[in-house]
Amino acid sequence: MLSISSSFLYALLTNRVLLVDFGPDMVDLFCEPFHNSTWFLPRDFTFKGRANTPEFRETYSLGKLLRREEEEEEQKKEMPYVASLLQLFLSYDNDDYDKLFFKSETQPLLEKVPWLVLRSDQYFAPYLFLMPCFRAELDRMFPDDKETVFHHLGRYLFSPSNQVWGHITGFYDAYLAKADRRIGLQIRVFSLDKTPASLILSQVINCIQEESRIIILPNASSSGRNRTTTTTTAILVASLFGQFYTELNKMYKEWNEKAGATVVGVYRTNHEEIQVLGSSSHNMKALVDIYLLSMCDVLVTSPRSTFGYVAHGLAGLTPWILQSQDIEDEEQRVKEPACRRGVSKEPCLQFHANYYDTNPDHREPGGPVPVIMDCEDFQYGLKLVNRRV
């Protein structure tokens with residue numbers, strides 16, 4: 001969803017039509033976004049099914065073409081011929097030649113190419129704001145609020161299919177709708193071997209009860225009259241690992257029993273334990289969680305998690321971000337603070353080119369724009385902000 005929304009923004013900027021090539025595990029997730037049209041790549045498209053192969057990249061990628069031109073000492077300002085198709089390889093592991101896409105000087109070359117096959121796993125929209133050739137148009141498209149770029153693109157492009165939407169509304173109506181406040185916890189664990197679940201759980205509790213004060217529990221001995229006016233809170237736990245839900249549910253259930261009222265409820269839709277790549281049912285469950293998180297009033301997300309990026313981006317919320325989950329020392333103490341408030345509602349571009357200076361102290365006319373800053377959860381990442389913090 002991050003790369004598709006970025007690709008759509010690039011298509012708008014360059015007067016192109018966006019077509020997507022969903023695999024079997026993706027085709028049942030979304031409705032068609034464009035009325036009386038389709039965004040699916042035709043089944044009989046010449047290169048369908050071949051664009052992800054190393055041979056395709058070697059033959060058709062922009063980076064390989066520019067590398068060959070340099071090796072052959074040919075003029076790089078103009079292509080020796082007008083290619084009918086080029087691949088833009090913008091994934092995290094692209095090389096310096098692939099990154100030349102992000103130079104404004106490269107864009108006139110691409111205007112001559114009818115078909116661009118874009119492959120990416122990144123939210124590269126922030127870098128488009130750094131490119132002088134797009135800056136004026138982007139300022140017209142998003143004149144006031146740069147922190148809602150993904151929010152607007154995502155809300156426009158992605159409408160869950162009827163089946164997915166049925167799961168979303170069914171769960172929301174049953175468990176979340178009646179609560180006065182809804183809190184979403186997105187807990188991504190990259191390795192339980194390196195970071196024990198108990199450490200992460202302590203970090204989450206410290207975040208929601210101490211650092212952010214998201215949950216302030218009333219005195220359990222308060223009178224019944226006061227308890228009737230106590231606001232109720234629903235906590236949605238989205239994690240592959242079930243122990244976080246189990247422990248949080250146990251903790252707040254015990255507190256509710258002492259208080260004599262259900263003040264905090266803890267819920268989950270599923271726990272898969274492992275990420276299953278290429279599974280339609282797994283992707284459907286993940287999408288349900290993403291949209292339910294986006295319906296919460298407050299979000300706590302894990303660092304470096306694109307899952308969390310999409311959830312808070314769709315919600316249009318600035319999340320609380322847990323500290324890096326690496327072990328601090330041999331005693332495995334919880335880092336302080338347990339979490340920090342994010343600086344923006346936008347997702348983070350984790351891997352990017354370095355053609356334009358993003359340091360505000362170095363700004364010159366026509367130089368970097370004041371809507372880009374470093375990500376708080378990913379070293380060297382970039383994200384869109386309304387102002388620098």
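None of these values were measured; they are calculated from a predicted model. Atoms considered below: every heavy atom in the structure, side chains included; atoms not considered: hydrogens, waters and symmetry mates.
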Mind running side chain to side chain contact (heavy atoms under 4.5 Å, CB included) on F158 and Y291 for me, showing each step along the way?
-> CA-CA 11 Å; F158 304 113; Y291 272 91; 3.4 Å; yes

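- Between the T53 side chain and the F56 main chain, a donor and an acceptor come within less than 3.5 Å of each other.
- Tracing side-chain contacts under 4.5 Å through hydrophobic residues (I, L, V, M, F, W, Y), one reaches I168 starting from Y267; they form part of the same cluster.
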Given M295 and L236, is the side chain to side chain contact (heavy atoms under 4.5 Å, CB included) satisfied, shown in steps?
-> CA-CA 10 Å; M295 295 174 177; L236 172 66; over 6 Å; no

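- More than 12 heavy atoms of other residues, nucleotides or ligands sit less than 6.0 Å from atom CZ of F142.
- F129 is listed as a side-chain neighbour of L384, based on a closest heavy-atom distance under 4.5 Å.
- For the pair S61 (side chain) and E58 (backbone), a donor-acceptor distance under 3.5 Å is absent.
- At least one donor-acceptor pair closer than 3.5 Å links the side chain of H352 to the backbone N or O of Y380.
- Using a 4.0 Å cut-off between charged side-chain N and carboxylate O, K146 and D139 make a salt bridge.
- Across all their heavy atoms, D145 and K345 have their closest contact at OD2-NZ, 4.4 Å.
- With contacts defined as side-chain heavy-atom distances shorter than 4.5 Å, the pair S324/R304 qualifies.
- Annotation: the span from I372 atom CD1 to E346 atom CD amounts to 9.0 Å, rounded to 0.5 Å.
- Other residues, nucleotides and ligands contribute over 12 non-hydrogen atoms within 6.0 Å of the CG atom of D93.
- Taking 4.5 Å as the limit, some side-chain heavy atom of L100 sits within range of a side-chain heavy atom of Y97.
- With respect to E376 and K383, a salt bridge is recorded, a charged nitrogen being found less than 4.0 Å from a carboxylate O.
- When all heavy atoms of S344 and P319 are compared, the pair lying nearest together is O-CD, 3.8 Å.
- In this pair, F134 and Y10 present their aromatic rings perpendicular. The plane angle is above 60°, beyond the 30 to 60° band.
- Taking the six-membered ring for Trp and thresholds of 30 and 60 degrees, F244 and F241 have ring planes more than 60 degrees apart, a perpendicular arrangement.
- Hydrophobic clustering keeps I200 apart from I321 (ILVMFWY residues linked when any side-chain heavy atoms are closer than 4.5 Å, directly or through intermediates).
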Begin from the C-alpha positions of L248 and I205 and carry the test side chain to side chain contact (heavy atoms under 4.5 Å, CB included) through to its verdict.
-> CA-CA 8 Å; L248 287 169; I205 294 173; 3.9 Å; yes

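- Distance check: M1 CE to F150 CZ gives 5.0 Å after rounding to the nearest 0.5 Å.
- Residues L317 and C296 come closest through the heavy atom pair CD1-O, 3.3 Å.
- Contact of the L110 side chain with the L86 side chain is registered, since non-hydrogen atoms from C-beta on lie closer than 4.5 Å.
- When hydrophobic clusters are built by joining Ile, Leu, Val, Met, Phe, Trp and Tyr residues whose side-chain heavy atoms come closer than 4.5 Å, directly or via intermediates, Y252 is grouped together with L201.
- Ion pairing between a basic and an acidic side chain is recognised when a charged N comes within 4.0 Å of a carboxylate O; E247 and K250 show no such pairing.
- At distances below 3.5 Å, not a single donor-acceptor pair connects side-chain atoms of S159 with backbone N or O atoms of C31.
- The CG atom of L65 lies 11.0 Å from the CG atom of D98; values are rounded to the nearest 0.5 Å.
- Note on L90: it clusters hydrophobically with V149, by side-chain heavy-atom contacts below 4.5 Å among ILVMFWY residues.
- Heavy-atom contacts from other residues, nucleotides or ligands closer than 6.0 Å to CG of N15 number 12 or fewer.
- Rounding to the nearest 0.5 Å gives a distance of 4.5 Å between CG of L66 and CG of L62.
- In this structure, T232 contributes its side chain and D180 its backbone to a donor-acceptor pair below 3.5 Å.
- Counting all heavy atoms, side chain and backbone alike, L9 lies closest to M141 at CD1-CE, 3.5 Å.
- Of the candidates I187, I208, L322, Q203 forms a side-chain contact (heavy atoms from CB on, under 4.5 Å) with just one, namely L322.
- At most 12 heavy atoms of other shown residues, nucleotides or ligands fall within 6.0 angstrom of atom NZ in K253.
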Does the pair L292 and F171 meet the rule for a side chain to side chain contact (heavy atoms under 4.5 Å, CB included), with working shown?
-> CA-CA 8 Å; L292 286 170; F171 188 92; 3.5 Å; yes

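- Between F45 and W115, the gap from one ring centroid to the other is short of 6.0 Å.
- The structure places CG of L12 at 7.5 Å from CG of L153, a figure rounded to the nearest 0.5 Å.
- One side chain, D289 or T269, offers a donor N or O that lies under 3.5 Å from an acceptor on the other.
- Looking at S302, its side chain does come within 3.5 Å of a backbone N or O of R188 through a donor-acceptor pair.
- Put simply, the side chain of R213 gets close to the backbone of Q209: a donor and an acceptor are under 3.5 Å apart.
- Ring pair Y156/F34 is tilted by interplanar angle, where 30° to 60° counts as tilted.
- Hydrophobic clustering places L116 together with V20 (ILVMFWY residues linked when any side-chain heavy atoms are closer than 4.5 Å, directly or through intermediates).
- Ring geometry for Y92 against F351 counts as tilted: the plane angle lies between 30° and 60°, on a 0 to 90° scale.
- A donor-acceptor contact closer than 3.5 angstrom is absent between the side chains of D121 and S3.
- With contacts defined as side-chain heavy-atom distances shorter than 4.5 Å, the pair W39/P33 qualifies.
- Between Y309 and H312, the ring planes are perpendicular. Angles over 60° get that label, and only those under 30° would be called parallel.
- A donor-acceptor pair is defined here as one N or O able to donate and one able to accept, closer than 3.5 Å; such a pair exists between the side chain of R182 and the backbone of A179.
- Between the side chain of R135 and the backbone N or O of L130, at least one donor-acceptor pair lies under 3.5 Å.
- Shown here for S6 and A125, the closest heavy-atom pair between the two residues is OG-N, 3.2 Å.
- Contact record, N94 with K99: OD1-NZ, 3.0 Å, taken as the closest heavy-atom pair.
- Two residues are said to be in side-chain contact when any heavy atoms from C-beta on lie closer than 4.5 Å; L349 and Q122 meet this criterion.
- Side-chain contact between V310 and T306: absent, with no pair of heavy atoms (C-beta onward) separated by less than 4.5 Å.
- No side-chain heavy atom of L299 sits under 4.5 Å from any side-chain heavy atom of Q186.
- Ring geometry, F22 versus F30: the interplanar angle falls from 30° to 60°, so the pair is classed tilted.
- In this pair, F124 and F102 present their aromatic rings perpendicular. The plane angle is above 60°, beyond the 30 to 60° band.
- Legend: residues meeting side chain to side chain donor-acceptor pair (under 3.5 Å) with T38, ordered by chain and number and at least two apart, are E32.
- Looking only at distances, a side-chain donor or acceptor of N256 sits under 3.5 Å from a matching main-chain atom of V264.
- In this structure N52 satisfies the side-chain contact (heavy atoms from CB on, under 4.5 Å) test together with R119, sequence neighbours excluded.
- The structure places NE2 of H152 at 11.5 Å from CD of E147, a figure rounded to the nearest 0.5 Å.
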